[in-house]
There are 2 protein chains.
Amino acid sequence: MTKAIIDDVAELAGVSIKTVSRVVNNEPNVRPAMRDKVLNAIAQLDYRPNMSARSLAGNRSYLLGLLYGTPSAHYVLDIQEGVLATCRPQRYELIVHPCNHQDANLIEDISALVQNSRIDGVILTPPLSDNIELLHALKQMSVPFVRVAPTLNKELSAYVETNDRDASYEMTCKLIALGHSRIGFIGGHPDHRAVGLRFEGYQAAMLDNKIRPAADWIATGDSSFDSGERCAHQLLQVEPRPTAIFAANDEMAAGVILAAHQMGIDIPADLSIAGFDDTPVAHQIWPALTTIRQPIQDMAKNATELLIKQLKKSTSPLSASMLPSLIITRESTGRAPQ
Amino acid sequence: MTKAIIDDVAELAGVSIKTVSRVVNNEPNVRPAMRDKVLNAIAQLDYRPNMSARSLAGNRSYLLGLLYGTPSAHYVLDIQEGVLATCRPQRYELIVHPCNHQDANLIEDISALVQNSRIDGVILTPPLSDNIELLHALKQMSVPFVRVAPTLNKELSAYVETNDRDASYEMTCKLIALGHSRIGFIGGHPDHRAVGLRFEGYQAAMLDNKIRPAADWIATGDSSFDSGERCAHQLLQVEPRPTAIFAANDEMAAGVILAAHQMGIDIPADLSIAGFDDTPVAHQIWPALTTIRQPIQDMAKNATELLIKQLKKSTSPLSASMLPSLIITRESTGRAPQ
DNA sequence: CCCAATATTGACAGCGCTGTCAATTATCAA
DNA sequence: TTGATAATTGACAGCGCTGTCAATATTGGG
């Protein structure tokens with residue numbers, strides 16, 4: 001028994017192939033009786049539309065592309081899961097395409113992917129989501145896209161964002177409320193703009209609480225564990241020593257914890273440490289990390305929904321949504337030492 | 001200027017579309033002069049073949065599917081990177097498809113994916129790679145597939161494996177050489193067969209060294225951090241206490257480290273701990289974990305190569321390859337206490 | 001009950017490419 | 001130089017589906 005095609009269904013149901021097509025695509029104006037006949041035939045023959053033919057004739061592929069730079073594995077996979085969670089029920093498949101953010105061929109590479117006329121729309125994650133040239137290239141090829149967590153040119157596409165700055169502000173206030181005033185901050189990779197917002201939040205909270213952050217309370221890492229450790233060593237030899245360090249991501253915060261262990265500094269009695277992202281490492285280290293959880297997966301879900309909505313009716317205005325982050329309090333933070 | 005199609009190229013080059021097709025597909029029997037003319041026209045028009053049309057006419061999609069159960073994020077992403085590294089240069093795109101290993105619809109779901117006639121072949125990772133029904137279903141639909149790290153029915157497909165058992169044996173011997181004899185073992189999720197091999201390696205090494213592992217040195221977790229912590233508490237109250245614990249993956253080993261910290265046990269002076277996988281957490285915790293690094297990404301690369309080779313000439317015999325694991329020694333292991 | 005307006009259905013022409021096979025050209029031994 | 005063989009090229013028919021548009025059926029108001 002060979003694979004059934006649309007003609008087989010049409011014949012068995014006693015209708016034209018066009019009617020079968022209508023049923024398959026949920027088009028209006030099919031009488032219920034017809035629809036049932038067709039549906040029966042489809043079930044009986046275990047008919048599955050051939051996607052290649054569909055794409056060719058209908059000029060759409062039911063394929064979305066997920067483009068990602070190379071942030072952390074967890075981040076990517078969270079996004080991916082979120083995107084897929086939305087794709088599945090809508091019968092879209094997902095093509096994944098990691099890109100080197102710096103690569104000179106980036107645009108060429110992505111154009112190739114898209115222009116093979118197989119991808120209906122793409123999802124961009126940071127730092128790609130802030131690459132203006134790429135955005136313009138996509139616009140010019142009129143490829144619909146959404147962005148997860150963009151920080152720039154928000155008018156260019158639909159997007160889903162979270163409140164990095166506010167969360168960071170809140171975390172800083174929380175540390176201040178615990179009695180800390182010498183609070184160090186470790187910034188992340190400058191390519192990652194969200195990280196800049198995290199710094200802004202910290203700074204604003206400090207100033208709003210009448211604390212002027214000293215220049216040597218602030219270090220800049222590259223988002224890696226090692227850089228966190230390095231920056232921690234640097235911050236922890238400042239006199240008087242900071243009583244808290246807020247790192248712009250969990251990996252760096254884990255590095256700070258290692259450094260503190262090495263220096264025999266007790267956490268949280270002598271030093272409070274806070275991270276950002278709530279990656280698994282946050283609760284796998286000792287002591288477990290106070291951090292900020294972002295609804296990455298939900299953001300990806302929403303973004304994909306926006307994208308698919310846009311594909312269905314290209315006339316609709318670009319929408320945006322905002323999902324809040326959440327502070328997770330664990331053992332790495334406590335009252336400031338006297 | 002609209003997108004060029006094959007006819008445009010043919011016209012500009014002054015040849016038939018079939019010749020263009022030959023050039024694009026690198027078919028033999030095209031005179032160099034012709035080839036150059038065509039190549040020029042292609043470059044001039046920035047022609048890109050339409051994949052949907054290609055798939056439809058040629059009955060292949062240049063799309064591979066990566067099916068994964070849900071092991072750790074790092075594992076999946078490593079595999080994914082490896083697969084993509086091979087796909088890219090060969091101009092295959094990758095569709096990712098996480099599956100619930102337990103789901104009753106698993107086979108139906110995957111059939112649907114494949115039968116839409118869009119996927120040329122699939123890559124299976126554990127635990128899917130040991131799902132006999134799935135394997136047979138794929139065989140029956142005559143979908144080419146490879147497996148990364150299968151443990152069962154190796155004759156069913158091409159595969160790439162590593163030596164879980166040997167690596168585990170070696171690690172255990174290493175601990176024994178450090179003077180340990182009361183070595184605990186924490187097994188992982190029973191669905192993950194490779195984890196069974198890890199236990200076998202441990203057991204064999206113990207017996208070969210004339211150590212009879214006591215029943216209460218052995219615990220079974222579910223591969224999660226929490227289960228590692230739980231099992232550690234259990235193992236560490238056995239009298240006399242084990243002087244080393246070997247966990248079947250890093251997450252559980254990290255759990256053991258946390259438990260040891262909580263119980264005030266010094267690592268590695270009082271307790272050596274070894275993990276398996278060399279995930280990032282292994283060096284982000286304190287003390288850093290002695291563990292075993294598997295060449296996951298390379299395995300995925302090789303597997304994908306095998307798959308693509310198979311797609312090109314379906315006659316070739318199924319091949320297999322074996323990549324060795326490597327012990328990484330860090331601070332969590334040391335000489336046994338006196 | 002009749003007619004215009006509307007809802008439903010089907011015929012048919014591609015979508016852009018590859019496979020098949022026949023036509024044409026080049027090559028080489030005799 | 002010639003004929004046979006091999007290499008190269010092209011014409012054409014689909015691949016399985018959707019869009020367009022014309023044909024047919026149904027509906028409701030008068």
Side-chain angles (χ1 to χ4, degrees), chain A residues 2-39 41-42 45-63 91 114-120 311-312 314, chain B residues 2-39 41-42 45-63 91 114-120 311-312 314:
Chain A
T2 174
K3 204 154 149 10
I5 64 174
I6 199 170
D7 304 72
D8 303 330
V9 178
E11 188 177 356
L12 180 59
V15 301
S16 75
I17 60 168
K18 182 64 211 186
T19 299
V20 177
S21 170
R22 287 199 180 91
V23 171
V24 168
N25 291 288
N26 259 310
E27 283 172 30
N29 298 338
V30 178
R31 224 161 301 173
M34 280 275 134
R35 183 178 301 278
D36 288 348
K37 276 200 294 183
V38 172
L39 253 19
I42 287 178
L45 297 173
D46 191 29
Y47 166 69
R48 336 245 180 166
N50 178 316
M51 293 310 295
S52 304
R54 254 181 138 173
S55 318
L56 182 59
N59 205 32
R60 62 199 140 65
S61 63
Y62 286 96
L63 243 32
R91 326 207 100 262
V114 168
Q115 301 229 350
N116 286 353
S117 93
R118 38 189 350 188
I119 286 194
D120 289 343
L311 296 180
K312 288 194 171 148
S314 48
Chain B
T2 174
K3 205 156 146 12
I5 64 175
I6 198 169
D7 305 72
D8 303 330
V9 178
E11 188 178 355
L12 180 58
V15 302
S16 76
I17 59 169
K18 182 64 211 187
T19 298
V20 176
S21 170
R22 288 198 179 91
V23 172
V24 168
N25 292 288
N26 259 310
E27 283 172 31
N29 299 337
V30 177
R31 225 162 302 172
M34 281 271 133
R35 183 177 301 277
D36 288 347
K37 278 199 293 184
V38 172
L39 253 18
I42 287 178
L45 297 172
D46 190 31
Y47 166 70
R48 336 243 179 167
N50 178 316
M51 292 309 295
S52 304
R54 254 179 136 173
S55 316
L56 183 57
N59 204 33
R60 64 200 138 64
S61 63
Y62 285 97
L63 243 34
R91 325 206 100 263
V114 169
Q115 302 229 348
N116 286 353
S117 94
R118 37 189 349 189
I119 285 194
D120 290 342
L311 296 179
K312 288 195 169 148
S314 48

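By convention in this document, chain letters (A, B, ...) are assigned in the order of the sequence lines, proteins followed by strands, and residues within each chain are numbered from 1.
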Residues in side-chain contact (heavy atoms from CB on, under 4.5 Å) contact with Ala57(B), at least two apart in sequence or another chain: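 Applying side-chain contact (heavy atoms from CB on, under 4.5 Å) to Ala57(B) gives none.
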dA11(D) phosphate, OP1 or OP2: any side-chain N/O from Ser16(B) under 4.0 angstrom?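 Result: no.
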When the axes are fitted on five pairs at both termini, how much does the helix from dC1(C)-dG30(D) to dA30(C)-dT1(D) curve, in 10° steps?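 The helix from dC1(C)-dG30(D) to dA30(C)-dT1(D) shows an end-to-end axis angle of 20°.
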In 5'-to-3' order, the base (B), backbone-only (S) or no-contact (-) status of each nucleotide in nucleotides 16-27 of chain D, using a 4.0 angstrom heavy-atom cut-off, is BBBBB-----S-
What are the two closest non-hydrogen atoms of Asp8(A) and Lys3(A), and how far apart are they?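 Minimum heavy-atom separation between Asp8(A) and Lys3(A): OD2-O, 4.2 Å.
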Could you report the tightest heavy-atom contact between Glu27(B) and Arg35(B), atom names first, then the distance?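 Shortest heavy-atom separation between Glu27(B) and Arg35(B) comes out as O-NH2, 3.4 Å.
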Extract all donor-acceptor atom pairs below 3.5 Å that involve side chains of residues 12-24 of chain A and protein atoms in other chains or at least two apart in sequence.
residue  : atom : partner  : partner atom : Å
Ser16(A) : OG   : Lys18(A) : N            : 3.4
Ser16(A) : OG   : Thr19(A) : N            : 3.3
Ser16(A) : OG   : Thr19(A) : OG1          : 3.4
Ser21(A) : OG   : Asn25(A) : ND2          : 3.4

Partners of Tyr47(A) by ring pair (Phe, Tyr, Trp, His ring centres under 6.0 Å), sequence neighbours excluded?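 With neighbours one apart ignored, the set is empty.
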Strictly distance-based, threshold 3.5 Å: is any side-chain N or O of Asp36(B) a donor or acceptor partner for the main-chain N or O of Ala33(B)?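 No.
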Mark yes when over 12 heavy atoms from residues, nucleotides or ligands other than Glu11(A) sit less than 6.0 Å from its CD; otherwise mark no.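 No, because the 6.0 Å sphere around CD of Glu11(A) holds 12 heavy atoms or fewer from other groups.
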Pair listing, salt bridge (charged side-chain N to carboxylate O under 4.0 Å, His left out) test, anchored in residues 48-57 of chain A, at least two apart: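 Every salt bridge (charged side-chain N to carboxylate O under 4.0 Å, His left out) pair that includes a residue of residues 48-57 of chain A, provided the two are not neighbours, is Asp46(A)-Arg48(A), Arg48(A)-Glu108(B).
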